[in-house]
Protein chains: 2
Amino acid sequence: MSTPGRGLHGRVLDTLGPAITAGEYPPGSVLRTDELAQRFEVSRSVMREAVRVLESMHLVESRRRVGVTVLPPARWNVYDPQVIRWRLAGADRPRQLRSLTVLRSAIEPVAARLAARHATPEQCAQLTECALGMVANSRGHRLQEYLVHDVAFHRVILDASGNEMFARLGDVVAEVLAGRTHHDVMFDDPDPAAVTLHVRLAEAVRAGDAARAEELTREITLGALQELDILAP
Amino acid sequence: MSTPGRGLHGRVLDTLGPAITAGEYPPGSVLRTDELAQRFEVSRSVMREAVRVLESMHLVESRRRVGVTVLPPARWNVYDPQVIRWRLAGADRPRQLRSLTVLRSAIEPVAARLAARHATPEQCAQLTECALGMVANSRGHRLQEYLVHDVAFHRVILDASGNEMFARLGDVVAEVLAGRTHHDVMFDDPDPAAVTLHVRLAEAVRAGDAARAEELTREITLGALQELDILAP
DNA sequence: GCGCCAAATAAGTCTGACTTTTTGTTCGCG
DNA sequence: CGCGAACAAAAAGTCAGACTTATTTGGCGC
């Protein structure tokens with residue numbers, strides 16, 4: 001997924017990023033650029049570029065005469081899709097998934113409310129199409145096909161909200177839904193009630209019923225929270 | 001604010017970042033590393049580091065034989081605090097401020113609800129202190145002092161939610177509140193009703209009344225939306 | 001014990017040579 | 001005339017080495 005290995009510095013990041021976000025280097029740890037360059041068998045120029053990227057994510061801080069210091073998690077750019085992917089691939093994946101699901105439960109109902117106001121006819125059609133796709137694949141272990149439509153559905157809602165901050169959470173939601181299907185709550189078939197809610201939501205948005213769209217989305221995200229044993233926030 | 005000029009590549013970013021986010025280079029524009037290095041009078045190594053950072057923010061994409069291509073706004077990492085600051089400093093500041101305020105209106109009520117559950121006694125004390133500070137500076141053109149307490153108040157709420165994704169929005173809220181005070185809605189004195197809501201919110205969190213904390217925060221963010229002429233979402 | 005100076009250290013910068021990938025063009029063949 | 005393969009050019013990518021600069025540590029003298 002995404003962009004694996006776009007150059008040597010990318011290869012370095014693929015190893016170093018997950019290592020840092022996994023806590024292999026405790027906050028305050030000091031690394032040296034030259035040593036890292038040797039370890040990864042790349043030139044210092046390449047290593048410096050990698051460090052610059054980590055620095056822009058606030059994972060590390062580079063200071064003269066000191067070295068490259070690992071920053072505490074509280075400073076990390078946790079909204080960076082790359083950081084999210086690294087953390088989801090690591091040990092505290094469950095914790096991460098909970099944080100993101102709570103975030104969804106805050107954002108998506110408001111996004112759905114706005115979508116009911118601003119969705120274009122084309123977006124409404126896409127929504128219906130996605131919902132039908134979910135229904136069609138909701139039985140018979142078609143989890144992969146179901147997931148595709150589920151992800152597409154939520155992306156359209158977020159896009160249709162007309163708010164770019166919401167729209168950009170599409171990737172995050174995709175990661176959460178994919179993670180749920182592949183690793184965590186591996187149900188045989190999706191919850192029929194959830195499928196129905198999506199169909200009704202598509203209809204509510206098409207009808208421009210903002211209040212109902214919001215409420216239906218609250219029920220959907222509530223289900224997601226309950227799957228992770230999170231009591232309603 | 002933040003970290004101005006952390007090395008040469010930082011100086012380059014301070015110019016190039018705002019230029020790109022301001023749309024001075026339309027999406028699809030192609031830049032060449034060597035040309036940029038000459039223009040900014042830095043070595044190619046430094047320029048490459050700057051480009052790598054822009055690339056990690058998805059502002060540009062670097063491809064062999066082509067050059068550095070500017071990406072469309074839809075691909076930008078709009079949650080990157082650096083990108084947010086660049087955009088708030090640019091021409092579409094009002095639009096940006098609206099997006100962020102809508103985001104606040106989705107996040108903060110849920111954060112307040114969680115804060116009512118998880119806030120430590122110390123956080124409750126901080127909240128009360130901030131609220132009192134707001135009251136004390138709500139009259140007599142003490143906008144600067146009022147702002148400090150207002151920002152601190154919302155930061156404590158977001159932190160106390162116990163959700164790291166919420167907590168990391170503290171900087172964003174700070175930017176929005178600061179922007180409102182300094183440029184946009186320059187009222188003589190803060191709205192007394194808003195001040196009262198903050199006092200009551202501090203009390204609700206202390207009392208552990210989740211529902212009331214959420215509702216009071218909805219009223220606060222509703223006020224913020226109305227100031228920007230955004231009809232309730 | 002305090003402050004100042006000097007040495008050590010690691011990041012920062014620059015330069016030039018070389019490699020690799022991709023694109024566009026041209027040439028030859030059907 | 002059209003199509004495909006070989007070729008040439010362009011720009012990023014990589015590397016190595018020398019030099020600069022800021023910061024910290026520790027020692028020296030007061």
Side-chain angles (χ1 to χ4, degrees), chain A residues 2-17 19-20 24-72 75-76 82, chain B residues 2-17 19-20 24-72 75-76 82:
Chain A
S2 82
T3 333
R6 348 76 281 197
L8 265 191
H9 89 284
R11 223 85 59 72
V12 172
L13 284 174
D14 288 341
T15 308
L16 203 47
I20 293 174
E24 284 177 34
Y25 305 92
S29 304
V30 175
L31 312 169
R32 266 162 304 135
T33 308
D34 290 19
E35 190 211 306
L36 289 171
Q38 280 185 27
R39 174 133 54 97
F40 288 101
E41 297 178 304
V42 295
S43 67
R44 279 167 315 161
S45 346
V46 168
M47 198 59 220
R48 298 188 98 272
E49 289 171 24
V51 168
R52 285 285 179 251
V53 172
L54 293 175
E55 209 175 13
S56 86
M57 298 169 172
H58 286 91
L59 261 45
V60 304
E61 194 177 52
S62 182
R63 275 169 54 203
R64 270 187 157 130
R65 168 60 213 245
V66 175
V68 178
T69 312
V70 177
L71 295 175
R75 305 253 338 244
W76 299 350
Q82 182 83 97
Chain B
S2 82
T3 334
R6 343 84 277 200
L8 265 191
H9 89 284
R11 222 85 57 75
V12 171
L13 284 175
D14 287 341
T15 307
L16 203 47
I20 293 174
E24 284 177 34
Y25 306 92
S29 305
V30 176
L31 312 170
R32 267 162 302 134
T33 309
D34 290 19
E35 190 211 305
L36 289 172
Q38 279 185 28
R39 173 132 55 96
F40 289 102
E41 298 179 302
V42 295
S43 69
R44 288 180 326 240
S45 350
V46 168
M47 198 60 221
R48 297 187 99 275
E49 289 171 24
V51 168
R52 285 284 178 252
V53 172
L54 293 175
E55 209 175 13
S56 85
M57 297 168 172
H58 286 90
L59 259 46
V60 302
E61 192 178 52
S62 180
R63 276 170 54 204
R64 269 182 157 133
R65 168 60 215 248
V66 176
V68 178
T69 312
V70 177
L71 295 175
R75 306 252 339 247
W76 299 349
Q82 181 85 96

Rounded to whole Å, the CG-P distance (B:Asp34 to D:dT14) equals 15 Å
Taken to the nearest whole Å, NE2/A:His9 to P/D:dC15 is 13 Å
CZ of B:Arg6 to CZ of B:Arg11, rounded to nearest 0.5 Å, is 9.5 Å
Cut-off 3.5 Å, no hydrogens considered: what does the side-chain donor-acceptor table look like for residues 33-41 of chain B, sequence neighbours left out?
from, atom 1, to, atom 2, distance (Å)
B:Glu35, OE1, B:Arg32, NH2, 3.1
B:Arg39, NH1, B:Tyr25, OH, 3.1

Contact span of DNA chain C against chain A, any nucleotide atom under 4.0 Å from a heavy atom, 5' to 3', runs C:dA8 to C:dT13
note: B:Arg48, atom CZ; D:dA11, atom P; distance rounded to Å ~ 15 Å
Report yes or no: do B:Ser56 and A:Ser56 form a side-chain donor-acceptor pair below 3.5 Å? yes
Are B:Ser62 and D:dG13 close enough that a side-chain N or O sits under 4.0 Å from OP1 or OP2?
yes
Donor-acceptor pair, side chain of B:Glu55 and main chain of B:Ser62, under 3.5 angstrom
yes
Set out, in order, the CA-CA distance, both residues' side-chain angles and the distance that settles salt bridge (charged side-chain N to carboxylate O under 4.0 Å, His left out) for B:Glu49 and B:Arg52, then state yes or no.
CA-CA 5 Å; B:Glu49 289 171 24; B:Arg52 285 284 178 252; over 6 Å; no
Interatomic distance, CD1@A:Ile20 vs CG@A:Leu54, rounded to 0.5 Å, equals 5.0 Å
Do side-chain atoms of B:Trp76 reach the backbone of B:Val60 as a donor and acceptor pair under 3.5 angstrom?
-> no
From CZ of B:Arg32 across to P of D:dA9 the rounded distance in Å is 17 Å
To the nearest angstrom, the CD-C1' distance between A:Gln38 and D:dC15 comes to 14 Å
Its contact letters, B for base, S for sugar-phosphate only and - for none at protein heavy atoms under 4.0 Å, make nucleotides 17-24 of chain D read BB--BSBB
Interatomic distance, CG@B:Leu31 vs CG@B:Leu16, rounded to 0.5 Å, equals 7.0 Å
